[in-house]
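Just so you know, these numbers use all the heavy atoms, side chains as well, and skip hydrogens, waters and symmetry mates. Numbering of ligands and ligand atoms starts at 1, following listing order.
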Amino acid sequence: MTTADGPVPRKAGARSIAIVGVGKIARDQHIPTIATGEDFALLAAASRNAVVGDVECFETLEALLAARPDVECVSLCTPPQVRYADARRALEAGRHVMLEKPPGATLAEVQDLAALAGAQGVTLFATWHSRHAAAVEAAKAWLAAREVRGVEITWKEDVRRWHPGQEWIWEPGAMGVFDPGINALSILTAIHPRRLHLASADLYFPENRGTPIAADLAFHDPAGHPATAAFDWRQEGDQTWTIRFDTDAGEALLSDGGARFTAGGETVFAGPDHEYAGLYARFAELIAAGASEVDLSPMIHVADAFTLGRRIVVDPFHF
Ligand code: NAP
């Protein structure tokens, strides 16, 4: 790796990593997080149409794996529909693998990858970036000491603002509005003191699209309390990413996608964004421990929504 000033020294003790799928999230988060962290050093990238400056770039992961046996880890930032084949390729080549969320297009393919990682003795990390939002751990600790009597998720954003021109997100396997909605479900499954399961779903499909633009979900709570989620991609103006809890100590609210937690109107915890730094730190920990982490519970709720969901056809969607 070189710059105008000469070779860039490899970070001492850092593991070598390659990025696959150089698009929005790779540029917004993965590449800068790897560059500023100590755990990994970016050595290469694979993308059909894009390159990353200062590292060796390939059009396919296959070519990268063949040419760079020195790359120990691969971080897959492609859309979920195409992730399985590359993940399998990297695991078969003995590399540690990190998957963007959602970890794949189906539950079975991710289970297959987890088994393969185990057989190969390498790490597979299925990430849920929202679990690393600043206030999630504080919310979990606070809720663990209370009785949760209800939960209401509201995750409403403008798809044109956050996913401009992304056609893949409307195709089967990409989950439509569950692409952001699964972030809320990843938090819920991490912090709710009980295991909930889906009871019903209304799914709103634009008449010209293969995935929903909105969804209303109801969950069964074994304690008999209400639990709902409303996801909508048609929200203009203010964006809403909140989870409201009714508890024996009053109302609590996790807001800003998990960055702020308030209880009884008082801030319990709020902090800056460090989601991707948290993910890469966890990946490094898992590799060092010789372990994998593949929690499919958020994706099970989504799969159940497609199984149980009532299909409601709404206006066509055009970017
Ligand atoms: P994106 O920019 O549309 O796609 C990432 C890159 O993947 C593309 O630029 C493309 O690069 C490559 N790619 C390979 N096969 C593709 C295919 N069949 N269709 C489209 N692109 C393909 O997507 P993204 O927003 O980065 O999202 C990627 C993953 O990250 C998704 O699972 C998403 O849920 C997750 N994520 C996104 C965000 C966000 O803010 N956007 C936040 C958190 C997580 P080449 O054409 O060069 O191959």
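Donor-acceptor pairing under 3.5 Å is recorded for the side chains of Y280 and S75. Between the side chains of E152 and T228, no donor-acceptor pair of N or O atoms lies under 3.5 Å.
With E92 as reference, R88 is the one residue of R89, R88, R95 to meet the side-chain hydrogen bond (donor to acceptor under 3.5 Å, both in side chains) rule.
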Given the rule in the ring pair (Phe, Tyr, Trp, His ring centres under 6.0 Å) test, do W162 and W241 qualify, once you have shown the distances and angles that lead to the verdict?
CA-CA 13 Å; W162 301 103; W241 300 286; 5.6 Å; yes

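Taking a heavy-atom cut-off of under 4.0 Å, ligand 1 is surrounded by G21, V22, G23, K24, I25, S47, R48, N49, A50, C77, T78, P79, P80, V82, R83, E100, K101, P102, H129, Q166, W168, D179, Y276.
For F319 and H163, the distance between ring centers is not under 6.0 angstrom. The aromatic ring centres of H301 and F219 sit less than 6.0 Å apart.
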